[in-house]
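The block underneath contains the structure these notes are about, expressed in structure tokens.
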Amino acid sequence: MTAPSAVKAALTTQSIETPSWAYGNSGTRFKVFAQQGVPRTPQEKLQDAAQVHRYTGVAPTVALHIPWDTVDDYADLAAYAGDLGLRLGAINANVFQDDDYKLGSVTHPDAAVRRKALDHLLTCVDIMDATGSRDLKLWFSDGTNYPGQDDIRARQDRLAEALAAVYERLGEDQRMLLEYKLFEPAFYTTDVPDWGTAYAHCLKLGEKAQVVVDTGHHAPGTNIEFIVALLLREGRLGGFDFNSRFYADDDLMVGAADPFQLFRIMYEVVRGGGFTSEVAFMLDQCHNIEPKIPAIIRSVMNVQEATAKALLVDLDALAAAQSAGDVLGANAVLMDAFNTDVRPLLAEVRQEAGLDADPMGAYARSGWAERIVTDRQGGQQAGWGA
């Protein structure tokens, strides 16, 4: 068994990026439920993100979504984040909400629409330059609903052309993270439906192109940890969008639906060296009915707990059982780690870092939730309409 001191030391190096959009109003395609105290500006989103970092100690970066987080001066926004003890993280492009993108964005049959989408992606790289962000995260809703609607191979050619143009624009220390999704909103073909498609495009582009694994973007029963292990082995796992799903892309709190799956994923991350590499651990969630900040704190804690359990796996005992063909023994080693209550260990990690042992309780006692309800009166709340 790995020594608790070594596990604690590793946990102090963990960093989990929270998404700006998770602090705003969200919902389903039927309804967005507004909540009191929700941020109205990117600056107020950062204020809430600072509360998550204050009580967890491991959420120092915030991903932006363009145009949802558009401001006049991105360098000034980065400085504001710095004043709050934060940094701006991945820049997420949006080429799925304009009417022009009904038939696709970078894969659209109309060259003018493709140019519009590409210009937006290049603008996002400009924003990365201004904010000091390392990662450009790309997700495309592009696809078709009916057989024959468009040429499948031609759409892949258009996608490759756009990705190559963006890749060429990246700076020396910048990366492109390509996300995939099985389906929705396209239902017949999706232009980047799986890790293999994303990996193939990234492989052709170069080392600065990496694959993002969104834990909600797979068919039921998909062995996500196998995908993680393979991409780590190939040096192409750029990061995660952590969330949970019961049926499709539910965007629930990470670990809420299947904490054992999250543990298995984190074990492969630890086993493959991803915990100490450049893999980005990001949340991508929509908190539709639960209060935003506590939900994000809980999500961060869930990732911490799964990571702690993964770090506790007795690798020597596991290797010995595997070499001996001891199927049950090998499985028991993993289960022993998963069944370990790591909450006391994480409480020690927090206390030794000068934090409250109970982040959820500390936030509840802080009065921040009551304060923002009072202070954030009037104006337009951040979020997306439905």
Side-chain angles (χ1 to χ4, degrees), residues 16-56 58-59 61-71 77 80-81 84-86 88-90 92 94 96-97 184 214-216 241-257 282-303 356 358-386:
I16 300 166
E17 185 162 300
T18 69
S20 67
W21 54 94
Y23 298 98
N25 287 323
S26 61
T28 68
R29 61 192 175 93
F30 299 106
K31 172 66 176 175
V32 170
F33 298 100
Q35 296 183 17
Q36 291 183 308
V38 161
R40 298 161 296 180
T41 65
Q43 289 81 1
E44 289 183 347
K45 293 178 186 178
L46 292 175
Q47 292 171 12
D48 288 355
Q51 299 302 306
V52 176
H53 185 46
R54 176 181 180 184
Y55 295 109
T56 65
V58 296
T61 59
V62 182
L64 298 185
H65 200 292
I66 307 301
W68 297 346
D69 295 315
T70 297
V71 294
L77 185 66
Y80 183 78
L84 295 172
L86 301 172
L88 298 182
N92 291 254
N94 181 323
F96 53 84
Q97 285 194 312
E184 190 192 40
D214 185 307
T215 49
D241 273 0
F242 278 129
N243 52 58
S244 282
R245 44 87 43 94
F246 287 104
Y247 296 105
D249 183 23
D250 302 341
D251 274 340
L252 300 173
M253 294 187 301
V254 58
M282 300 175 282
L283 303 182
D284 180 16
Q285 302 173 172
C286 290
H287 303 291
N288 301 338
I289 58 175
E290 64 270 31
K292 316 295 182 182
I293 299 173
I296 298 172
I297 291 174
R298 173 58 65 189
S299 294
V300 170
M301 293 172 65
N302 288 348
V303 175
D356 194 293
D358 176 17
M360 292 288 286
Y363 173 73
R365 294 188 298 271
S366 72
W368 183 261
E370 294 77 17
R371 174 183 167 184
I372 57 179
V373 169
T374 301
D375 292 350
R376 296 175 183 172
Q377 297 289 334
Q380 180 66 43
Q381 290 185 324
W384 47 272

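Between atom CZ of residue F242 and atom CG of residue N302 there is a gap of 11.0 Å, rounded to the nearest 0.5 Å. In this structure, the separation between CD on Q35 and CD1 on I293 is 10.0 Å, given to the nearest 0.5 Å. Atom CE in M282 sits 12.0 Å away from atom CD1 in I16 (nearest 0.5 Å). With values rounded to the nearest 0.5 angstrom, H65 atom NE2 is found 4.5 Å from N94 atom CG. Between atom CG of residue L84 and atom OH of residue Y80 there is a gap of 5.0 Å, rounded to the nearest 0.5 Å. Taking CZ from F33 and CD from E290, the interatomic distance works out to 12.0 Å, rounded to the nearest 0.5 Å.
No donor-acceptor pair closer than 3.5 Å links the side chain of T215 to the backbone N or O of S244.
No side-chain donor-acceptor contact under 3.5 Å links Q51 and S366. Between the side chains of W21 and D284, a donor-acceptor pair is found at a separation under 3.5 Å.
Taking each heavy atom of V254 and S299 in turn, the nearest pair found is CG1-O, 3.4 Å. In terms of heavy-atom proximity, Q381 sits nearest to G37 at NE2-N, 4.1 Å. Considering every non-hydrogen atom in both S20 and V62, the closest pair reads N-CG1, 3.9 Å. Across all their heavy atoms, A81 and L46 have their closest contact at CB-CD1, 4.0 Å. In terms of heavy-atom proximity, T18 sits nearest to A49 at OG1-CB, 4.1 Å. In this structure, R245 and A257 approach most closely via the heavy-atom pair O-CB, 3.5 Å.
At least one side-chain heavy atom of L77 sits less than 4.5 Å from a side-chain heavy atom of L64. I296 has its side chain out of reach of T56: every pair of non-hydrogen atoms, C-beta onward, lies at least 4.5 Å apart. A 4.5 Å side-chain heavy-atom check between D250 and N243 finds every atom pair outside the cut-off. In this structure, V71 and T41 have side chains that are not in contact, with every pair of non-hydrogen atoms separated by 4.5 Å or more. Under the 4.5 Å side-chain criterion, counting only non-hydrogen atoms from C-beta, W368 is not in contact with R54. Residues I372 and Q47 form no side-chain contact, since every pair of their non-hydrogen atoms from C-beta on lies 4.5 Å or further apart. Residues P294 and Y363 meet the side-chain proximity criterion, which asks for heavy atoms closer than 4.5 Å. Contact annotation: the side chain of R376 approaches that of P39 to within less than 4.5 Å [non-hydrogen atoms, C-beta and beyond].
Looking at residues two or more places apart in sequence or on another chain, you find no ring-ring contact (aromatic ring centres under 6.0 Å, His included) involving Y23. E17 pairs by the side-chain hydrogen bond (donor to acceptor under 3.5 Å, both in side chains) definition with T61, not counting sequence neighbours.
Classification of D48 and K292 as a salt-bridged pair fails, no side-chain N sitting under 4.0 Å from a carboxylate O.
Counting heavy atoms of neighbouring residues, nucleotides and ligands inside a 6.0 Å radius, atom CD of E184 exceeds 12 of them.
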